[in-house]
Amino acid sequence: MQETTSPTREGFTGYTLKLIAVVTMFIDHIGAVLIENGIFKNPNMDLTQTFMGITQVKLWGYLDFALRVIGRISFPIFCFLLVQGFIHTRNVKRYGFRLLIFALVSEVPFDLAISGEWFHPEYQNVLFTLLIGLWVLTAYQKAFGDPLKQVLAIVVGCGASVLIKCDYNIIGIVLILIFYVYRDKPKLQSLLSGFVAALQSLYCLGAGALALFPIRNYNGERGKRSLDKLFYWFYPVHLLLLYLIYLLIVKL
């Protein structure tokens, strides 16, 4: 008897959403690390020269802005995927432990890429934000039926994100909560998450709201699982790679 396979639904799988998030994040970090920290802060580079009547500083500025606009797409997708992971995981503790390990592994590469220092306590990487968001979801779910405890979990999570100064802090926690609380109300979810993402990225013309296009086309399927670990390793590795390229730029 011939085996049959269920047809793949139209839209983006979770795997595809991860690829979109990872690629746009990488594009964003090219601007932040190589252009803003490298080219603009390199005293040995002469950016006053012109090309077709436009100074190099303006050309690099336009390119940086374009990269950062594209990069605003990544974080809302990561928040959405965290919620999907929370909903479907069989072991939330293992999920959280994996986030914690890679948050710690990524901190030195993140500090080097963002500040050029081995230890920079003023700013922590985004995996800590996602980890706190996961804890808030867990506490929020356990407190179902007790609004006071749910609010307390949200307040503690937002406070922790500000206290340790992690990337996106309160905005990240709010986005994660919106994706979870309104998971059965897609239109309201899109409206609220789009507003928050746009508000956070006003300096980039509200481009964060563009993330709602791939998110709304999520087909509910996980997709390929073979590269799951690669996605986690990509974060610290690409930051370290960009830092090494940054070193070459500043020595020009």
Side-chain angles (χ1 to χ4, degrees), residues 8-9 11-34 67-68 70-114 123-138 161 166-168 171-173 175-176 179-180 183 193 197 208 210-245:
T8 303
R9 300 177 192 173
F12 297 135
T13 64
Y15 174 82
T16 305
L17 287 181
K18 285 180 184 177
L19 280 178
I20 294 172
V22 164
V23 170
T24 52
M25 175 186 67
F26 187 46
I27 290 172
D28 179 60
H29 289 168
I30 290 174
V33 179
L34 301 187
L67 295 175
R68 301 309 299 272
I70 294 171
R72 297 310 94 205
I73 296 172
S74 63
F75 183 67
I77 297 178
F78 281 125
C79 291
F80 177 79
L81 290 173
L82 178 83
V83 172
Q84 294 303 308
F86 172 75
I87 293 171
H88 298 294
T89 187
R90 296 178 181 177
N91 192 326
V92 175
K93 289 184 179 180
R94 185 190 302 167
Y95 188 17
F97 183 70
R98 185 164 59 242
L99 274 174
L100 174 61
I101 291 300
F102 279 94
L104 294 173
V105 168
S106 302
E107 190 57 25
V108 170
F110 178 80
D111 288 346
L112 288 172
I114 299 301
Y123 194 31
Q124 318 310 322
N125 74 75
V126 75
L127 294 183
F128 283 108
T129 312
L130 297 178
L131 177 62
I132 294 172
L134 182 66
W135 177 87
V136 171
L137 293 182
T138 303
S161 70
C166 56
D167 202 7
Y168 292 96
I171 290 290
I173 306 303
L175 265 178
I176 289 167
F179 283 127
Y180 179 72
R183 61 192 182 280
S193 59
L210 296 175
L212 273 297
F213 289 101
I215 288 173
R216 283 299 302 270
N217 283 285
Y218 174 56
N219 63 13
E221 296 181 355
R222 184 171 183 175
K224 297 179 181 179
R225 300 179 60 180
S226 58
L227 298 179
D228 276 358
K229 291 182 180 179
L230 180 62
F231 284 116
Y232 281 100
W233 280 110
F234 180 83
Y235 188 65
V237 170
H238 94 280
L239 288 171
L240 189 58
L241 174 64
L242 289 176
Y243 174 68
L244 294 176
I245 299 174

key: Nearest non-hydrogen partners of Gly96 and Leu131, listed with the distance   = O-CD1, 3.4 Å
ask   = Would you say Phe110 and Glu107 make side-chain contact, with heavy atoms under 4.5 Å?
value = yes
key: Sub-4.5 Å side-chain heavy-atom contact between Leu81 and Lys18   = yes
ask   = Under the salt bridge (charged side-chain N to carboxylate O under 4.0 Å, His left out) test, which residues partner Asp167, sequence neighbours left out?
value = none
ask   = Distance from Phe75 atom CZ to Ile171 atom CD1, nearest 0.5 Å?
value = 9.0 Å
key: Side chain proximity check, Leu112 to Leu239, heavy atoms < 4.5 angstrom   = no
inquiry  = A side-chain contact here means heavy atoms from C-beta on lying under 4.5 Å apart; do Ile215 and Phe12 qualify?
reply    = no
4.5 Å side-chain heavy-atom contact, Ile77 and Ile20 = yes
task = Only pairs at least two apart or in different chains count here, so list each side-chain hydrogen bond (donor to acceptor under 3.5 Å, both in side chains) that has a residue in residues 73-83.
result = none
remark   = residues 93-103 vs side-chain hydrogen bond (donor to acceptor under 3.5 Å, both in side chains), sequence neighbours excluded, gives Arg98-Tyr232
inquiry  = Please enumerate all residues that pass ring pair (Phe, Tyr, Trp, His ring centres under 6.0 Å) together with Phe26, with sequence neighbours excluded.
reply    = Phe234, His238
key: Nearest-0.5 Å distance that lies between atom CD1 in Ile245 and atom CD1 in Ile30   = 8.0 Å
Rounded distance [0.5 Å steps], CZ in Arg68 versus OG1 in Thr24 = 12.0 Å
ask   = Where do Gly208 and Pro76 come nearest, in terms of heavy atoms and distance?
value = O-CG, 3.7 Å
With Tyr218 via side chain to side chain contact (heavy atoms under 4.5 Å, CB included) - residues at least two apart = Leu17, Phe80, Gln84
task = Test side-chain contact (heavy atoms from CB on, under 4.5 Å) on Ile114 and Tyr123 and set out the steps.
result = CA-CA 9 Å; Ile114 299 301; Tyr123 194 31; 3.8 Å; yes
query = Ile70 versus Asp28: any side-chain heavy-atom pair under 4.5 Å?
reply = no
message = Within this structure, what is the CD1-CG distance for the pair Ile173 and Leu134, rounded to the nearest 0.5 Å?
response = 10.0 Å
Reported CG-to-CZ distance for the pair Leu67 and Arg72, which is rounded to 0.5 angstrom = 10.5 Å
ask   = Is there side-chain contact between Tyr180 and Leu82, with heavy atoms separated by less than 4.5 Å?
value = no
ask   = Closest heavy-atom contact between Cys166 and Phe128?
value = CB-CB, 4.1 Å
key: Flag side-chain contact, heavy atom, 4.5 Å: Phe179 against Leu175   = yes
remark   = In this structure, CG of Asn217 is separated from OG1 of Thr13 (nearest 0.5 Å) by 12.0 Å
ask   = Residues in side chain to side chain contact (heavy atoms under 4.5 Å, CB included) with Leu127, at least two apart?
value = Leu99, Phe102, Ala103, Ser106, Asn125, Leu130, Tyr235
